[in-house]
Amino acid sequence: MESMERMMRINGRINAALIDGLNPEHWELTDGLGGQSIGHQLAHIAHFRYGWLRAWAPGHLGAAEPAFRQLDDGSLHLIPEDAAALKQVFERGDEAAWNAVQRLRAAGETVKGYADPAMMLARTLAHDANHRGQIMTIMRIHGLERTHIGKAMYGLWGEE
């Protein structure tokens with residue numbers, strides 16, 4: 001589990017580097033084909049932790065919090081108002097997810113559909129990577145340079 005914890009922490013730093021590399025006006029950019037905006041993608045990534053904890057391990061929700069709420073018209077309203085608030089949602093969600101998996105494993109409990117609760121952490125990593133790729137695609141469509149984000153991420157892989 002030490003490797004999984006390390007991967008989760010690195011993943012969290014990559015998410016933070018991505019958020020730090022965006023300007024507020026970038027949050028509204030989309031692919032122009034009906035896809036979610038960068039802001040909605042980020043909120044979706046952050047909300048994933050809250051969603052799976054609420055659905056599969058509600059007793060272990062901890063400090064995880066939602067990143068969006070659905071309005072009556074079906075649209076999504078982002079709860080974090082700025083990058084700093086969104087980064088806090090990520091940090092709290094990551095910590096709650098990690099703690100939940102640790103407690104579930106210690107108690108010998110499983111999560112619906114997963115023999116080992118740690119697989120939810122692996123799913124979180126894959127989910128985050130997928131949506132970061134979508135964000136990078138949106139950035140490319142709009143001609144935005146992503147070198148600062150890439151450079152920030154490369155420096156994170158080996159750090160503790």
Side-chain angles (χ1 to χ4, degrees), residues 4-58 60-101 111 119-160:
M4 183 59 75
E5 180 181 18
R6 188 166 181 245
M7 287 187 284
M8 282 294 294
R9 301 221 183 274
I10 290 169
N11 187 66
R13 290 193 301 265
I14 291 169
N15 287 334
L18 175 58
I19 293 167
D20 288 342
L22 296 168
N23 295 325
E25 63 271 11
H26 295 155
W27 286 40
E28 298 303 318
L29 298 176
T30 70
D31 62 9
L33 301 171
Q36 291 182 325
S37 69
I38 288 175
H40 280 101
Q41 291 276 350
L42 290 168
H44 175 79
I45 299 169
H47 191 87
F48 184 76
R49 290 115 172 99
Y50 173 79
W52 77 255
L53 284 166
R54 189 184 70 198
W56 291 317
H60 301 282
L61 198 55
E65 56 191 298
F68 60 81
R69 69 174 179 272
Q70 192 165 10
L71 303 179
D72 291 338
D73 65 1
S75 64
L76 299 178
H77 170 74
L78 302 183
I79 295 172
E81 295 182 11
D82 58 25
L86 182 61
K87 285 170 57 174
Q88 284 186 336
V89 172
F90 268 105
E91 290 168 8
R92 291 176 184 147
D94 283 348
E95 195 65 28
W98 175 253
N99 290 336
V101 167
V111 177
M119 292 310 297
M120 284 306 302
L121 298 177
R123 183 176 174 193
T124 300
L125 297 173
H127 178 264
D128 287 11
N130 174 57
H131 286 286
R132 285 193 304 259
Q134 291 174 336
I135 290 168
M136 292 298 196
T137 299
I138 293 169
M139 292 175 69
R140 286 185 190 118
I141 287 170
H142 290 278
L144 297 173
E145 291 292 323
R146 61 170 187 73
T147 55
H148 60 286
I149 296 168
K151 287 178 183 174
M153 290 191 310
Y154 288 126
L156 297 173
W157 293 111
E159 294 180 7
E160 287 299 320

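Only a predicted model underlies this, so the values are computations on that prediction, with no experimental measurement involved.
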Asks: Does atom CG of Asp72 have more than 12 heavy-atom neighbours, drawn from other residues, nucleotides or ligands, at distances under 6.0 Å?
Replies: no
Asks: Determine the minimum heavy-atom distance between Ala100 and His60, stating which atoms define it.
Replies: CB-CB, 3.4 Å
Asks: Taking the side chain from Asn11 and the backbone from Met7, do they hold a donor-acceptor pair closer than 3.5 Å?
Replies: no
Asks: Is there a side-chain contact between Arg132 and Gln41 (heavy atoms, below 4.5 Å)?
Replies: no
Asks: Does Leu86 reach the side chain of Leu78, with side-chain heavy atoms less than 4.5 Å apart?
Replies: no
Asks: What closest approach, in Å, do Ala96 and Gly62 show between heavy atoms, and which atom pair accounts for it?
Replies: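 Smallest heavy-atom distance, with atoms named: CB-CA, 4.5 Å.
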Asks: Tell me, with the steps shown, if His26 and His142 meet ring pair (Phe, Tyr, Trp, His ring centres under 6.0 Å).
Replies: CA-CA 9 Å; His26 295 155; His142 290 278; 9.1 Å; no
Asks: Quick one, Phe68 and His77 - any side-chain contact, counting heavy atoms below 4.5 Å?
Replies: no
Asks: May I have the step-by-step check of side chain to side chain contact (heavy atoms under 4.5 Å, CB included) for Glu91 and Val89, ending in yes or no?
Replies: CA-CA 6 Å; Glu91 290 168 8; Val89 172; over 6 Å; no
Asks: If you measure from CZ on Arg54 to CD on Glu65, what distance do you get to the nearest 0.5 Å?
Replies: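 Here the interatomic distance stands at 13.5 Å.
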Asks: Looking at CD of Gln36 and CD1 of Ile138, how far apart are the two atoms once the value is rounded to the nearest 0.5 Å?
Replies: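 That separation rounds to 8.5 Å.
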Asks: How long is the gap from CG on Leu18 to NZ on Lys87, to the nearest 0.5 Å?
Replies: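 So the CG of Leu18 and the NZ of Lys87 are separated by 11.0 Å.
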Asks: Quick one: list whatever passes side-chain hydrogen bond (donor to acceptor under 3.5 Å, both in side chains) with Arg123, sequence neighbours left out.
Replies: Tyr114
Asks: Sequence neighbours left out, what passes side-chain hydrogen bond (donor to acceptor under 3.5 Å, both in side chains) with Asp94? Give chain and number order.
Replies: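 Result, side-chain hydrogen bond (donor to acceptor under 3.5 Å, both in side chains) vs Asp94: Arg49.
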Asks: Is it true that Glu5 and Arg9 have a side-chain N and a carboxylate O under 4.0 angstrom from each other?
Replies: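 Result for this pair is yes, salt bridge flagged.
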Asks: Examine distances only and state if a side-chain atom of Ser37 and a backbone atom of Trp27 form a donor-acceptor pair shorter than 3.5 Å.
Replies: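 Side chain of Ser37 to backbone of Trp27, a donor-acceptor pair under 3.5 Å: yes, one is there.
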Asks: Between Phe90 and Ile45, is there a side-chain heavy-atom distance shorter than 4.5 Å?
Replies: yes
Asks: Count the heavy atoms belonging to other residues, nucleotides or ligands that lie under 6.0 Å from CD of Glu81, then report whether that count exceeds 12.
Replies: no
Asks: Flag the pair Phe48 / His131 as yes when at least one side-chain heavy-atom distance between them is below 4.5 Å, and no otherwise.
Replies: no
Asks: Using only atom types and a distance under 3.5 Å, with no angle test, would you say the side chain of Asp82 pairs donor to acceptor with the backbone of Ala84?
Replies: yes
Asks: Answer whether the closest heavy-atom distance between the side chains of Val111 and Val101 falls below 4.5 Å.
Replies: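 The answer is no, as the side chains (C-beta and beyond) never meet within the 4.5 Å cut-off.
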Asks: Hey, are Thr124 and His127 close enough side-chain-wise for a donor-acceptor pair under 3.5 Å?
Replies: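 Note: His127 and Thr124 side chains miss the donor-acceptor criterion.
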Asks: Hey, does Glu28 have a side-chain heavy atom less than 4.5 Å from the side chain of Ile38?
Replies: no
Asks: Please report the interatomic distance CG(Leu42) to CG(Leu22), rounded to the nearest 0.5 Å.
Replies: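 Going from the CG atom of Leu42 to the CG atom of Leu22 covers 6.0 Å.
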Asks: Once rounded to the nearest 0.5 Å, what's the spacing between atom CE of Met136 and atom CZ of Arg140?
Replies: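 So the gap between those two atoms works out to 7.0 Å.
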Asks: Can you name the nearest heavy-atom pair linking Ala67 to Ala46, along with the distance?
Replies: CB-CB, 4.0 Å
Asks: Indicate yes or no: at least one non-hydrogen side-chain atom of Leu125 is less than 4.5 angstrom from one of Leu121.
Replies: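 Not in contact.
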